[in-house]
Amino acid sequence: MRYLPLTPDDRTAMLATIGAASIDDLFADVPAEAQLDGPIAGLPMHASELAVERHMGALARRNRAAGDGPFFLGAGAYRHHVPASVDHLIQRGEFLTAYTPYQPEIAQGTLQMLFEFQSQVARLLGTDVANASMYDGSTACWEAIVMARRITKRGKALLSTGLHPHYRSVARTMAKYTGDVLVDGDPSLEAGTDWSALAAAVGKDTSCVVVQYPDILGRIDDMTALAAACQAAGALLIAVVTEPVALGLIKAPGEMGADIVVGEGQSLGVGLQFGGPYVGLFACKTQYVRQMPGRLCGETVDANGKRGFVLTLSTREQHIRREKATSNICTNSGLCALAFSIHMTLLGEAGLRQLAAINHGRAKAAAAELAKVPGVSVLNNSFFNEFTLLLPTEARPVIHKLAERDILGGISLGRLYPDNHDLANGLVVAVTETVTEADISAFADALKEVLA
């Protein structure tokens, strides 16, 4: 009944109602050569539910999970320890309302959580206000670019070479349909970050400058001067954060003058999960709040004077006239935002700073150990929990050889920038609190063996 709810009599009655003699009559307009005349070649016939479960379980056991050995992957998605209480609490009845809290009288749990989430994100990113989340970091980045265009009435965006190439790719795809001009490029292993060059390039036609902090190579720079250059030219500075745990230790972008701060919140409360779902963060200065996409939850009082929560601002085409909408983003990532907020609450400010310190300490230890491998050097002068190694040979084959030794040793720049041979020897390594001293030693030993 779960899969075939209609009986043969139901089908006969439905066909009679529409005047069709058989189900085949419904496909009369499909050319005969386009119709199947039998089973699809290579596709197995139907199986029982138990047989399918066993088959899928066997396939799953062939996978290597992140916790099965030394794990140093990052570049926008990070393995952190998520307390078991997060998964338990997101299943409580207070939060199991309809996914969209249109009726505040029955969605107070969801609305209060989103209100707290907004408060946490705004404080974490150093901004005045944050929305109730976006789908993920890359689409949040694009929404920030088009938001800057609405505010400045300009259509040229300067993207830092340190911006994640996947974020750049999303922006280029969307810009095809909006007419925005994007100026970007690949990072350099010889030169530092390009923020000073970006500041010099800001002109009267620039809507925004987009920088990542820390950037794709793990480098950290002060964006205060760049923010001042943008402000002087009437452009906006957009900061992208893919590792929010870093903000427990380094200065928030909003405190350095960023007008809009977006990012990926996966690190807190949300597992890697084969790439999603994740949760986009979006925050800005108060003066731009009415141009912010998504939705905003606010605090109010009910008819009896009791504290309550409502959707204060929803500048989506579902809520207002289409031509006035700031975005066609359909919803927020409610469940992932809840997990983020619970993890943040469990940590608290002191806990987040301690977690960040552990990440940085282990990353420093790993960088020092890996730099001892003959022919290997560390690119970064500064980093949080992610840094770039320069290898004496192409990094992609090295990664595969490390995987054969059950070590997931980072992300090769050759994978991120397949058309740029100058970056082929770069290897981005992420080290979180889940990495042990034994993991670091195993990585260093295996890398020495592979490069020998």
Side-chain angles (χ1 to χ4, degrees), residues 74-80 119-128 130 137 140-141 144 160-164 167 187 192-196 198-199 209-228 230 237-269 280-285 340 343-344 347-368 378-388 428-435:
Y78 303 91
R79 180 181 177 232
H80 289 283
S119 303
Q120 291 170 329
V121 171
R123 184 171 180 183
L124 183 68
L125 302 182
T127 58
D128 300 324
C141 177
S160 169
T161 58
L163 180 64
H164 197 299
Y167 286 47
T193 52
D194 60 339
W195 290 7
S196 58
L198 286 172
V209 176
V210 184
V211 298
Q212 184 171 317
Y213 173 82
D215 74 2
I216 186 61
L217 303 183
R219 300 172 299 191
I220 303 171
D221 287 274
D222 189 335
M223 66 182 73
T224 305
L226 180 56
C230 290
L237 176 60
I238 299 171
V240 176
V241 177
T242 63
E243 172 53 297
V245 175
L247 300 180
L249 202 60
I250 62 177
K251 198 169 185 178
E255 296 177 14
M256 290 183 279
D259 298 287
I260 305 172
V261 185
V262 300
E264 176 54 64
Q266 172 271 323
S267 283
L268 293 167
L281 311 179
F282 199 109
C284 66
K285 294 180 177 178
F340 176 101
H343 196 173
M344 280 283 287
L347 285 170
E349 181 177 345
L352 180 63
R353 294 190 184 282
Q354 182 181 9
L355 176 63
I358 293 171
N359 272 248
H360 182 54
R362 294 192 182 173
K364 286 200 303 181
V378 178
L379 171 72
N380 306 61
N381 293 320
S382 61
F383 58 87
F384 170 61
N385 68 352
E386 194 165 30
F387 52 87
T388 298
V428 180
V429 176
V431 184
T432 71
E433 75 283 0
T434 64
V435 171

What's the spacing between Leu379 CG and Asn381 CG if we round to 0.5 Å? 7.5 Å

Tell me the closest heavy-atom pair linking Phe340 and Gly265, and the distance in Å. CD1-O, 3.3 Å

Taking only residues two or more places apart in sequence or in another chain, which ones pass ring-ring contact (aromatic ring centres under 6.0 Å, His included) with His80? none

Modelled atom types, side-chain donor and acceptor of Glu243 and Ser267, under 3.5 Å: yes

How close do Val210 and Cys141 get, counting heavy atoms only, and between which atoms? CG1-SG, 4.0 Å

For Tyr78, enumerate each residue passing the ring-ring contact (aromatic ring centres under 6.0 Å, His included) test, keeping only those at least two apart in sequence or located in another chain. none

Is Thr432 reaching over with its side chain to a backbone N or O of Arg79, donor-acceptor style, under 3.5 angstrom? yes

Between Glu386 and Val428, is there a donor-acceptor pair closer than 3.5 Å when you use the side chain of the first and the backbone of the second? no

Taking only residues two or more places apart in sequence, or in another chain, which ones meet Asp194 in a side-chain hydrogen bond (donor to acceptor under 3.5 Å, both in side chains)? Ser160, Thr161

Test Leu198 against Val211 for side chain to side chain contact (heavy atoms under 4.5 Å, CB included), laying out the working first. CA-CA 9 Å; Leu198 286 172; Val211 298; 4.0 Å; yes

State the OG-CG distance between Ser382 and Asp221, to the nearest 0.5 angstrom. 6.0 Å

Could you grab the distance from atom CG of Leu268 to atom CG of Leu355, nearest 0.5 Å is fine? 7.5 Å

Minimum heavy-atom distance Pro187-Arg219, with the two atoms named: CB-NH2, 4.1 Å

Not counting sequence neighbours, list each pair that qualifies as a salt bridge (charged side-chain N to carboxylate O under 4.0 Å, His left out) and has a residue in residues 352-361. Glu349-Arg353

Please lay out, stage by stage, how Leu217 and Phe383 fare under the test side chain to side chain contact (heavy atoms under 4.5 Å, CB included). CA-CA 9 Å; Leu217 303 183; Phe383 58 87; over 6 Å; no

With a 4.5 Å cut-off on side-chain heavy atoms, are Thr193 and Asp215 touching? yes

Validation: residues 247-261 side-chain donor-acceptor distances under 3.5 Å, sequence neighbours left out:
{"from": "Asp259", "atom 1": "OD1", "to": "Lys285", "atom 2": "NZ", "distance (Å)": "3.0"}
{"from": "Asp259", "atom 1": "OD2", "to": "Leu237", "atom 2": "N", "distance (Å)": "2.9"}

Quick check for you: to the nearest 0.5 Å, what is the distance between Arg362 atom CZ and Thr434 atom OG1? 8.0 Å

With rounding to the nearest 0.5 angstrom, report the CG to CD1 distance, Leu163 to Ile216. 8.5 Å

Results of ring-ring contact (aromatic ring centres under 6.0 Å, His included) for Phe384 - residues two or more places apart only: none

Side chain to side chain contact (heavy atoms under 4.5 Å, CB included) between Tyr213 and Val240, worked out: CA-CA 6 Å; Tyr213 173 82; Val240 176; over 6 Å; no

To the nearest 0.5 angstrom, please state how far the CG atom of Leu125 sits from the CZ atom of Phe282. 11.0 Å

Can you confirm whether Glu433 is buried at CD, in the sense that more than 12 heavy atoms of other residues, nucleotides or ligands lie under 6.0 Å from that atom? yes

CA sep, side-chain torsions, deciding dist, call: Asn385, Val245, side chain to side chain contact (heavy atoms under 4.5 Å, CB included): CA-CA 9 Å; Asn385 68 352; Val245 175; 5.6 Å; no

